[in-house]
Amino acid sequence: MTLRLHDTATRETRDFVPLTPGRAGIYVCGLTVQSEPHVGHVRSAVNFDVLRRWLTATGHEVDFIRNVTDIDDKILAKSAEQGVHWYALAAAMKRELDAALASINVLPPTYEPGATGHVPEIVELIEQLVARGHAYAAEDGSGDVYFDVRSWPSYGELTRQRVEDMEPAGDADPRGKRDPRDFALWKGHKSETEPATAAWPSPWGPGRPGWHIECSAMAGKYLGPAFDIHGGGVDLRFPHHENEQAQSRAAGRPFASYWLHNAWITTAGEKMSKSLGNSMLIPSVLERVRGIELRYYIVAAHYRSHVEFSFEALEEAAKAFRRIEDFLDRAGVSAVASEVPAAFAAAMDDDLGTPAAVAVVHDLVRQGNSALSTGDSAAAGIAAQVRAMLGVLGLDPADPAWAGRGSDDRLTEVVDALVRGLLEERTAAREAKDWVRADAIRDRIKAAGVEVEDTPAGPKWSV
RNA sequence: GGUGGGUUGGCCGAGAGGCGAGGCAACGGACUGCAAAUCCGUCUACACGGGUUCAAAUCCCGUACCCACCUCCA
């Protein structure tokens with residue numbers, strides 16, 4: 001069976017056929033580093049991380065490029081408000097993003113280019129577009145350069161919209177545009193309002209890149225004129241991805257073969273960016289659940305399904321994940337199977353059907369628990385398969401990526417030593433059938449937040 | 001106005017013509033000194049109104065409501 005992906009450009013789920021067999025080039029639009037990352041932001045990263053891991057697991061060599069927009073209107077506006085350098089704000093937010101992604105085990109991209117480091121490539125691409133008659137310098141002397149939407153007949157093809165039907169940007173300043181729908185490739189420097197550091201030299205005078213052009217330039221540089229998969233959030237389909245494709249194709253580059261878009265996470269029906277309090281920011285969410293549990297929550301929903309975020313649902317997901325973890329604990333440290341079960345592979349091949357894939361994990365967990373309770377030796381093999389599946393989803397609790405998060409090893413040793421003494425007393429009481437005393441000890445430990453379970457192998461404690 | 005998506009059991013969340021995804025919660029049973037964990041079982045749902053079909057949550061027509069995008073957005 002081969003991987004099938006839902007291509008939002010054609011609205012079809014079709015076989016993934018890489019341009020070069022055994023290789024996959026993926027470009028994902030990352031974040032504009034202008035504020036702290038929230039749950040919605042990391043969903044996109046997790047979704048495409050799962051795609052990457054599955055392609056890798058099925059024998060592809062993956063080139064995974066995720067950009068970071070480190071200069072734009074918002075960064076400039078926010079930094080001005082806060083009285084800091086724009087690059088200081090961008091760098092600080094980039095560190096927050098890195099920390100958030102690391103906390104949920106999102107693999108670092110093969111390379112993570114930023115717009116500010118690719119001005120020459122951007123300028124070169126704009127020059128190509130001007131030379132081909134698809135872009136023009138603004139006639140108002142602003143130093144802006146615009147893409148000429150009317151010069152590119154297939155503009156709108158990605159989102160199946162006709163230029164005439166598009167709502168003209170009423171609020172936008174038409175400046176030197178030939179058509180209100182033309183968009184900026186290059187933004188001339190505004191020396192009276194913008195810092196001098198936010199400008200780079202260009203044939204059209206000092207300025208900075210427009211938002212869309214950076215992705216075309218960087219995808220082209222690292223993945224070539226044609227590459228396999230372009231990803232991002234649904235909101236980026238238009239205008240961002242439409243414009244990226246128009247720019248790239250107008251410059252003679254075939255661009256992406258498949259377009260993948262992840263759906264939103266909302267709160268109370270609203271976009272997170274609108275309703276956002278601090279509680280949806282990653283550090284606060286991680287005060288409620290562990291990173292691996294947050295990741296499970298994201299992975300358990302299909303990437304194209306809208307998710308209504310709630311802490312109740314998140315905590316429920318955490319419980320479901322602990323069931324998987326508990327099984328692995330009970331089964332003991334195991335190997336990782338080299339192959340994933342066929343039902344799991346089939347689910348993943350079907351447009352990354354992680355919900356069905358997670359259901360397969362749970363089926364195996366139940367079988368494994370059953371084997372453990374009857375002393376069946378199959379349990380170890382099942383645990384190895386479970387670990388293999390979790391690995392693909394980035395959810396293997398034994399992955400060193402999770403180490404050091406959630407529990408401190410030295411502290412665990414200290415607690416273990418203290419609790420063990422009490423448990424020995426309790427065991428003695430139980431052997432003497434002194435249930436009152438045994439339960440009193442268990443209650444005392446519980447009052448400190450430690451649960452005790454009696455297992456055939458003796459008492460076990462957990463926080 | 002244009003474009004795309006949605007409405008599934010107490011809850012979360014899959015599925016896309018027949019064969020009950022999975023989890024959480026609840027209830028019953030097994031196990032246990034009692035628990036916990038685990039296992040077995042129970043709870044038979046698809047917004048509404050028509051239609052097609054031997055068979056519809058799934059296809060078609062209509063209606064209602066919700067969400068996203070239309071140049072800041074993951």
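Here is how names work: the chains are called A, B, and so on, in the same order as the sequence lines, proteins then strands, and each is numbered from 1. If you're wondering where the values come from, they're calculated on a predicted model, not measured in any experiment. As a basis for the values below, the full set of heavy atoms in this structure was taken, side chains included, without hydrogen atoms, waters or symmetry mates.
Protein atom CZ of A/Phe183 is 13 Å distant from nucleotide atom P of B/U71, rounded to whole Å. Atom P of nucleotide B/G2 and atom CZ of A/Arg162 are separated by 10 Å, given to the nearest angstrom. Straight-line distance from the CD atom of A/Glu316 to the P atom of B/A25: 8 Å, rounded to whole Å. Straight-line distance from the CG atom of A/Leu236 to the C1' atom of B/U3: 16 Å, rounded to whole Å. A straight line from NE2 of A/His362 to P of B/G22 spans 11 Å, rounded to a whole angstrom. Protein atom CZ of A/Arg237 is 14 Å distant from nucleotide atom C1' of B/A74, rounded to whole Å. Distance, A/Phe238 CZ to B/U3 P: 13 Å, rounded to whole Å. In this entry the distance linking NE2 of A/His241 with C1' of B/U71 reads 14 Å, nearest Å.
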Using the 3.5 Å cut-off, write out each protein N or O paired with an N or O of nucleotides 13-18 of chain B and the distance between them.
| residue | atom | partner | partner atom | Å |
| --- | --- | --- | --- | --- |
| B/A14 | OP1 | A/His302 | N | 2.9 |
| B/A14 | OP1 | A/Ser305 | OG | 3.0 |

Please tabulate, one pair per line, each protein N/O and nucleotide N/O from nucleotides 26-29 of chain B that are separated by under 3.5 Å, including the distance.
none

Pull out every protein N or O sitting under 3.5 Å from an N or O of nucleotides 5-7 of chain B, one pair per line with the distance.
none

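Residues A/Arg330 and A/Leu372 share a closest heavy-atom pair of CB-CD1, 3.6 Å.
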- side chain to side chain contact (heavy atoms under 4.5 Å, CB included) between A/Ile65 and A/Met218, worked out: CA-CA 9 Å; A/Ile65 305 297; A/Met218 296 188 292; 5.7 Å; no
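Here A/Ser310 pairs with A/Glu312, A/Ala313 under the side-chain contact (heavy atoms from CB on, under 4.5 Å) rule; sequence neighbours left out. Every residue was checked against the side chain to side chain donor-acceptor pair (under 3.5 Å) condition with A/His189, not counting sequence neighbours, and none meets it.
Aromatic rings from A/Tyr222 and A/His118 are positioned such that their centres are separated by under 6.0 Å. When ring centroids are compared, A/Phe147 and A/Tyr136 stay outside the 6.0 Å threshold.
Within the 3.5 Å criterion, the main-chain N or O of A/Gln34 finds no donor-acceptor partner in the side chain of A/Thr32.
For A/Asp72, the side-chain atoms get nearest to B/C72 when compared with the rest of B/U38, B/U71, B/C72.
Residue A/Asn369 is classed as a sugar-phosphate contact, given heavy-atom separations below 4.0 Å to backbone atoms only.
In RNA chain B, the stems built from three or more successive Watson-Crick or G-U pairs (distances below 3.5 Å) are B:1-7 with B:64-70, B:10-12 with B:22-24, B:26-30 with B:38-42, B:47-51 with B:59-63.
Remark: the A/Thr354 side chain and the A/His302 side chain contain no N/O donor-acceptor pair separated by less than 3.5 Å.
The shortest side-chain heavy-atom distance between A/Phe227 and A/Asp63 does not fall under the 4.5 Å cut-off.
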